[in-house]
Amino acid sequence: MTNSIPEFETDSNCFLIIGSNTSEGHPLIATRVLRAKQRGAKVIVLDPRKNQIGHWADVFYTFRPGSDVALFNGLLNIIITEGLADQAFIAERTENFEEMKALVAEFPAERVADLTGVPVEGLYTVARLYATQKPAAILYAMGITQHTTGVDNVKSVANLAMLTGNLGIPGGGVNPLRGQNNVQGSCDMGGLPNVFPGYQPVTNPETIAKFSKAWSSSLPTPNSPLSNKIGLTVTEMISAAGEGKIRALYVMAENPMLSEADINHTRHCLEKTEFLIVQDIFLTETAQLAHVVLPGASFAEKDGTFTNSDRRVQRVRRAVRPVGDSWPDWEIICHLAGKMGAGGFDFVSPQAVMAEVAQLTPSYGGITYERLEELGGLQWPCPTTEHPGTPYLHKNRFSRGLGHFFAVPFKEPAELPDQDYPFTLTTGRIMFHYHTGTMTRRSKKLDSEARQAYLELHPDDAQKIGLNGSRRVRVSSRRGQIELNVRVTERIKPGVVFIPFHFAEAAANVLTNLAIDPIAKIPEFKVCAVRVEALSGTEHRGGTDHRSGESERRTRRDE
Amino acid sequence: MYEPKIIGFLCNWCSYRGADTAGMARMKYPPNVKIIRVPCSGRISPELVLRCFREGADGVMVLGCHIGDCHYANGNHRTAKRMAILRQLLEYNGIEAQRLCVDWVSAAEGEKFATLIASFTEQVRQLAPFVEIMQ
Amino acid sequence: MSERLTALRETIRQILPQVDGVIGLKTGPAGIVAPYLFKPGHPEMLDSLALWPKEPVPDTLKIIQKAYPNARLAIVCRGCEERGVVEMFKHAQVSLENLTLIGLQCVQEEALFCRCAKPYTVHARVTVGSPIAGVPDPLTEAFAAKSQAEKLAFWKEQFQHCIKCYGCRNICPQCFCNVCALEDEKWVETGRLPLPNPSLYHIIRAMHMTAKCVACRECEETCPAGIPLAIHFRLVARDVKEMFHYETGAVIEQKPPQLLTLEEGDYERSGLP
Amino acid sequence: MEYHNVLTTCPYCGTGCALHLQVLDHQLVGVLPAKNHPISQGGLCIKGWNAHAFVNHKDRLQTPLVRKGGKLVTATWDEALALIAEKLSALKAESGPDSIGVFASAKCTNEENYLIQKFARAVIGTNNVDHCARL
């Protein structure tokens, strides 16, 4: 996020929320937005589903999944033609405006309405509101990024923020809401194939030299330099393992068997992996395939730091000792490195690790456990121990100098509905579970809220497929099929169906498409084509919105 | 004007027999009340009443033995206390307390039963259908 | 405030050697406050003793007494927390035996924050600070003055923001049932947001707080959606006082009115036929 | 008899809410929100309120497991780590460091992510390190 969560409440006058079910994915950010609304800020929500935040938003429109770029180009065009762009900001802080302007001119509102399903007057309402209520914050989540055009979508978001001068000010910005507690930190720490900690590229000779020197005691021979070849992403590593190019995989606390697109493919690849090491707190679907399983410790059993969505480094504190003979993950890695004869892993505590991180990572330079103890959290960039942290980025200049407008042409998703697979499937989270459910489905209270996967289906579509009061459906795509219960609800756009991906027994990712964004390598979880067939002979209790959940559970209880 | 849907919880020992008495005497009363016989009006929890509304009832009746005549000595004391508070809570939520009728009908009071049904049905009819105000 | 803190610290220091522990508040990392059990032999911990923000300490007492039923404990409690302990005692959740109440009187600022009618303790024999009079609750008064349609609209608006975190129930020291009606799909729709109208979750909870709510307002404070939950409870508390002559926390010996039998005059006041 | 609260960060989404883990005699007994925290402001969602629930679940892995004869059987740390070290070294010698891939984790701490990428890059010698940021 370019900006801070507390700014939403105090500074933002408008929110454009797109591709984020904020109420369920990030509940306490949603309630911040609510408080802003209660003091007069405007809330715009655009999503294929009318979620809770869509219910209380000032403006809500559904749109066709995968038409994001067209939608943004349409908004950009309206703002430019209506003279609502921030000319001063464009002149002083950006480049390539004309090229972008020329491209978005090809997106008049009527065409965009056709492409996206948002009515023309809706496009004008959104564009005018966002452009005039400064500071305006754009909030998005995986609904923007999990597309074959994920990078294009993000560029479009940035275009919109720059066009209106909503960057470098409190309460504005481009704010991707990070899905996992420490996905931000994991990226910051170099858990990516192309960068060292602090986003220092592996292709930069100076960086290679810096880290080769700092880590010399860990290298096989002190003078052998680190690799400058960009590595493979998760999705690529799994495929490479299937092809035998990757022979060993060391998986720390991840569950690709449920989280990856096209699970059948993932299983095939992992089964073929010659040596699979899984380090986790539970025997996950992935760990069941492993050759060695290492028991790690949960967040309550170890010290460390997490970096949240607004770049805030905060402490994790050990409350109890690890169960059984499990070890904190940092100790496991240190021991393993030692076993392999490497030096440089003799840390006595996570605090000592952070000291090394601070030395090598400019943006974390001023982060120490002592400061965190006193201040609670520090937002990077925080280069020195005197630096108070950075609540919002790009204050006077962008990190690259001028902000670059991209002319982003519109591309359809990799797989569109057709005669055989007439529905568009989109996946996501629900309030009561988290990601692959490894933790939440083992929490009694969370599990009793939502025990089963379900398909959300519009009443019109229910009639079309001849649901006839049946409560169970088979959903199939070109990659696989699952059977699950159905919830008929008007909150979803007709033609679109939704499945939460938390449930292994009806895993949405059996269906999803492994087509990836060419740059970010992110799979297109949010759009694929499926067929929905009613299954008869199961339950016949009526399919109204609030009852279906009940009979679901009643059946389970009877079992 | 609409035909209100009303759920009536009648205690087995007094009110339900009161209904019988009314029936035997061929007294006329509106057909809007769906009667559910329960062992004691004290069994009717506020949750149950609320669930009736949630499922689309426009009114709910809870009828028990007169205070002092409870087959279980003081089951209806509980009814009296809970329902009094529930009526208040309905009001505080913007739901008319007139949608909840709490009264006492003995086995002999067939006429009271018939009158009560008729008057409560009319009372609820004057209000908007519950589903409408909840939208 | 600091004067009260010094006085409280001194009071605890004196009591500490006579008990197994004192429940109070302690400032932790980044100045964030949490309940803590101060132990004899570690008076230095009192350096980080805190007064505010208040925390649901009656619940802390319950947790500790459950594990150590015979421990001699003391608890620092404000007016609301004292009422909480008393009501929990009546429902057999805590024991008053071997328990010393250290009353902490609220100051004006705190009372206004809580819209508190009784910002003082009445049972504690050891007290710190001087009791002040209660303050009005403008939110509840404004609500009570609304029309039926306005009330309906008010809660429709408020409850559509509920994210069903169960925080109001979880933090409430008076919510201690082993089986909770709010988790029963017979009454409350599970796994759904927003809650449908009318919100059975909130009406049922309000019903269950009858003659139990001690007006500590912890539920409102923890509500991420900022729903003014105490309005319900305070209006019902008023009814309970009028109908059943019962006030939570006031008289230790008085049984709560939900118990089966009607007392003399209860029925006449209930407004039923 | 020891009771204290440990301030920590919620293990679920990326919002970064703070919560207190209530600890009684070295056992987790519950969660309390953290008032005055800049992000969570004394509130939590249902997941945060139940953040402690899985920690002592019976399914928690308690010892290392090694696959023998197609089955995962318990092993000592020494055994498991020695096997990994041996196998990774052999594969690296045979097929080069890029034949090994490492998944960092968005669920682990910064320190652990730092260490695992240092392990991949320095000890193994590959940039094949990534995590589920995209999933």
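These numbers come from the heavy atoms of this one structure, side chains and all, not from hydrogens, waters or symmetry mates. Within every chain, numbering begins at 1; the chains are lettered A, B, ... in the order of the sequence lines, protein sequences first and strands thereafter.
Heavy atoms closer than 4.5 Å to chain D are found in the backbone of C/Lys164, but not in its side chain. Interface remark: D/His20 contributes side-chain atoms only to the contact with chain C (heavy atom separation under 4.5 Å). Contact annotation for D/Leu44: only backbone heavy atoms (N, CA, C, O) come within less than 4.5 Å of a heavy atom of chain C. Residue D/Asp25 touches chain C through its side chain alone, counting heavy-atom pairs closer than 4.5 Å. Within the 4.5 angstrom heavy-atom criterion, only side-chain atoms of C/Ala71, from C-beta onward, approach chain D. Both the backbone and the side chain of C/Tyr36 come within less than 4.5 Å of a heavy atom in chain D.
Here the side chains of C/Ile171 and D/Trp49 are in contact, with some heavy-atom distance below 4.5 Å. The shortest distance between side-chain heavy atoms of D/Gln41 and C/Thr222 does not fall below 4.5 Å. Using a 4.5 Å heavy-atom threshold, the side chains of C/Asn170 and D/Pro33 count as separate.
Atom-to-atom distance recorded for C/Ile32:CD1 and D/Asn36:CG is 7.0 Å, nearest 0.5 angstrom. Atom NZ of C/Lys39 and atom OH of D/Tyr3 lie 14.0 Å apart (nearest 0.5 Å). The CG atom of C/Leu37 lies 8.5 Å from the CG atom of D/Leu24; values are rounded to the nearest 0.5 Å. Rounded to the nearest 0.5 Å, atoms NE2 (D/His4) and CE (C/Met45) are 9.5 Å apart.
A 6.0 Å sphere centred on CD of C/Glu97 holds no more than 12 heavy atoms belonging to other residues, nucleotides or ligands.
D/Asn5 places a side-chain N or O within donor-acceptor distance of the main-chain N or O of C/Pro35, the cut-off being under 3.5 Å.
Applying the side chain to side chain contact (heavy atoms under 4.5 Å, CB included) criterion to C/Lys54, with sequence neighbours excluded, gives C/Trp52, C/Arg78, C/Cys80, C/Glu81, C/Cys114, C/Cys216, C/Glu218, C/Glu221, D/Lys35.
Of residues 60-67 of chain C, those residues with a non-hydrogen atom less than 4.5 Å from any non-hydrogen atom of chain D are, in numerical order, C/Thr60, C/Ile63, C/Ile64, C/Ala67.
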